[in-house]
Participant: 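Questions regarding the structure given below will be posed in turn.
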Amino acid sequence: MAFKIGAYDQRIEFIKNVSIDDGAGGSYPSTETILSTYAVIEQLQQSRDLEQSQMTFPSTYRVKIMYRESFEPKVNNQVKWRGNIYNIISAPQIDDVRMSKEYVFNMIKSE
């Protein structure tokens, strides 16, 4: 049974690229999870949202996560969702909803 908090039903990870020592004097690329959390993810559907993001329709999403003081998403941070990597393309805004705060930002599938 998956853990869900209300509408936050999508598991996402904020990741960063790292180099791992291969033990032979070289390295190989990998990723490291910065934060794993639940989110509300909606595909952008209104033309004004699409114009603002200046991206293609199928791969641009609006993401909402619970606010936390210990972490702040930033433009160009990478998000892993459903096995794909996405880049944050809009400055995260803090919205007050349901007596709590949440970060709201747009992301696009990385190529």
Side-chain angles (χ1 to χ4, degrees):
M1 184 172 153
F3 175 73
K4 297 180 185 177
I5 301 175
Y8 300 92
D9 63 350
Q10 299 294 310
R11 187 77 161 162
I12 65 171
E13 296 177 26
F14 290 87
I15 60 172
K16 68 177 180 177
N17 294 318
V18 295
S19 292
I20 305 294
D21 185 11
D22 66 6
S27 63
Y28 59 92
S30 185
T31 59
E32 180 180 305
T33 300
I34 300 168
L35 175 71
S36 183
T37 190
Y38 285 90
V40 175
I41 300 178
E42 303 165 339
Q43 189 172 10
L44 293 182
Q45 297 178 356
Q46 298 177 2
S47 61
R48 66 178 171 82
D49 288 337
L50 292 172
E51 290 169 5
Q52 288 175 354
S53 67
Q54 298 177 0
M55 300 296 162
T56 58
F57 175 72
S59 59
T60 304
Y61 297 90
R62 171 142 310 130
V63 180
K64 299 175 184 178
I65 63 169
M66 289 182 166
Y67 172 84
R68 58 187 73 202
E69 289 187 26
S70 62
F71 178 78
E72 181 180 350
K74 297 181 178 7
V75 173
N76 293 326
N77 279 161
Q78 291 188 315
V79 176
K80 186 174 182 181
W81 175 53
R82 294 185 175 173
N84 294 309
I85 306 297
Y86 296 82
N87 293 317
I88 296 176
I89 58 169
S90 66
Q93 304 294 316
I94 298 176
D95 283 348
D96 286 317
V97 291
R98 298 178 297 276
M99 299 185 63
S100 64
K101 294 180 182 179
E102 66 183 9
Y103 283 114
V104 180
F105 57 87
N106 295 337
M107 68 181 186
I108 185 167
K109 190 172 180 181
S110 181
E111 295 184 13

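Heads up: numbering here begins at 1 and tracks the sequence.
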Participant: May I have all residue pairs that pass side-chain hydrogen bond (donor to acceptor under 3.5 Å, both in side chains) and include part of residues 64-75, sequence neighbours excluded?
Facilitator: Thr37-Arg68
Participant: Where do Val63 and Ala39 come nearest, in terms of heavy atoms and distance?
Facilitator: CG1-CB, 3.9 Å
Participant: Can I get a per-line list of side-chain donor-acceptor pairs under 3.5 Å for residues 12-20, giving both atom names and the distance, sequence neighbours left out?
Facilitator:
| from | atom 1 | to | atom 2 | distance (Å) |
| --- | --- | --- | --- | --- |
| Glu13 | OE1 | Thr33 | OG1 | 2.8 |
| Asn17 | ND2 | Gln78 | OE1 | 3.4 |

Participant: Can you list the residues that meet the side-chain hydrogen bond (donor to acceptor under 3.5 Å, both in side chains) rule with Ser36, with sequence neighbours excluded?
Facilitator: Arg11
Participant: For the CD atom of Gln93 and the OH atom of Tyr103, what is their distance to the nearest 0.5 Å?
Facilitator: 11.0 Å
Participant: Could you give the distance from CG (Asn77) to CD1 (Ile88), rounded to the nearest 0.5 Å?
Facilitator: 4.5 Å
Participant: Is there a side chain to side chain contact (heavy atoms under 4.5 Å, CB included) between Met107 and Ile41? Walk through the geometry before answering.
Facilitator: CA-CA 10 Å; Met107 68 181 186; Ile41 300 178; 4.2 Å; yes
Participant: Atom OH in Tyr86, atom CH2 in Trp81: separation rounded to 0.5 Å?
Facilitator: 5.0 Å
Participant: Using atom types as modelled and distance alone, determine if a side-chain donor or acceptor of Thr60 lies under 3.5 Å from a backbone N or O of Leu44.
Facilitator: no
Participant: Can you name the closest pair of heavy atoms from Ile34 and Phe71 and give their distance?
Facilitator: CG2-CE1, 3.9 Å
Participant: Do Thr31 and Ile85 pass the side chain to side chain contact (heavy atoms under 4.5 Å, CB included) test, and can you show the C-alpha distance, the side-chain angles, and the key distance before you say yes or no?
Facilitator: CA-CA 11 Å; Thr31 59; Ile85 306 297; 5.6 Å; no
Participant: On a heavy-atom basis, which atom in Ala7 and which in Val40 lie closest, and how many Å separate them?
Facilitator: O-CG2, 3.3 Å
Participant: Just verifying a value: how many Å separate Asn84 CG and Lys109 NZ, rounded to the nearest 0.5 Å?
Facilitator: 4.0 Å
Participant: In Å, rounded to the nearest 0.5 Å, how long is the span from OG of Ser110 to CG of Asn76?
Facilitator: 10.5 Å
